[in-house]
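Counting starts at 1 for both ligands and their atoms, in listed order. Side chains are part of it too, since the values below use all heavy atoms of this structure and drop only hydrogens, waters and symmetry mates. Here the structure is a predicted model, which means the values were calculated and not measured.
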Amino acid sequence: MHQESSEAIVLSVMDYGEADRIATLFTPERGKIRALARNARTSRRRFGGALEPFARLQVRIVLRDDRLSILHDADIITLHPAIRRDLATLALAGYASELCDRFLPDHHANHRLFRLLAACLAHLESAPYDQSDRRFFEINLLNILGYRPSLDQCTRCGAGLPPDPGARYVASASGLLCSECGDEGRIAGETVMLLQKSLGTGRFGVVRFNEQQAAEAGRLLDMAITAHLDRPLKSIGFLCEMTQTPPCHNLS
Ligand SMILES: [Zn+2]
């Protein structure tokens, strides 16, 4: 058995048996790993308070391809304590982590997605909740995974959709429709331009959607996310409740 050291973000943790815990970890080199932390509930020596959602850790782990890996020990890089002080921020961090968990296959490295989640958690740690961060995370997640909805071409007729703040478009799961192909243009060209800008800048906090724009972006992004999920997300109800966002997009 081969033990290796890695950085990791804790996506989720569950109790297992009398004394153990199972952590789902996201590592840059090995992707998502489910690992058994023996005696994590009874002995704090090896794990301390490290096994918390959103924690960024340095772990030593025995990798096993076809079953649970073994988490040997973990040192805390940061627990992101400020995320836990605000319910909306906590809900968004949980949602971002669940999306990574659900979209990533086991043992499949995805450096860009790791960096996106790490940047998201670092940003949530230092900035007050803003709905823009959710939409920024979603469009970049979909882009990295190859599921980005089309923003510059009608997905039905193929007509180009050049940047036009005054235009209105229709959302579909695979991307925008032009006004000829859809009968109810509910997404403003300005919102589309913000989504494109979100793909062009690598930093959270730069692109800002107002309430209307965030809702419009949500119509498109929630459809695109739902199209690639086989069952509802557990975190979406809490997120919608804590952020007063209507849970209208079939995610729950
Ligand atoms: Zn069209």
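- A donor atom on one side chain and an acceptor atom on the other are not found under 3.5 Å apart for Glu98 and Ser12.
- In this structure, Arg21 fails the cation-pi test against Phe47, since its NZ or CZ atom is not both closer than 6.0 Å to the six-membered ring centre and inside 45 degrees of the ring normal.
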In residues 77-86, what donor-acceptor pairs under 3.5 Å come from side-chain atoms, sequence neighbours left out?
from  : atom 1 : to    : atom 2 : distance (Å)
Thr78 : OG1    : His80 : N      : 3.0
His80 : ND1    : Phe54 : O      : 2.8
Arg84 : NH1    : Pro53 : O      : 3.3
Arg84 : NH2    : Pro53 : O      : 2.7
Arg84 : NH2    : Leu79 : O      : 2.8
Asp86 : OD2    : Ala88 : N      : 3.4
Asp86 : OD2    : Thr89 : N      : 2.9
Asp86 : OD2    : Thr89 : OG1    : 2.6

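- Note on the Zn ion (ligand 1): protein N/O/S atoms under 2.8 Å are Cys154 SG, Cys157 SG, Cys178 SG, Cys181 SG.
- Look at Asp222 and Arg135 and you find a salt bridge, because one of the NZ, NE, NH1 or NH2 atoms lies within 4.0 Å of a carboxylate O, short of that distance.
- Using a cutoff of 4.0 Å between basic side-chain nitrogens and carboxylate oxygens, Arg38 and Asp20 are not scored as salt-bridged.
- Ring geometry for Phe114 against Phe26 counts as perpendicular: the plane angle is over 60°, on a 0 to 90° scale with 30° as the lower cut.
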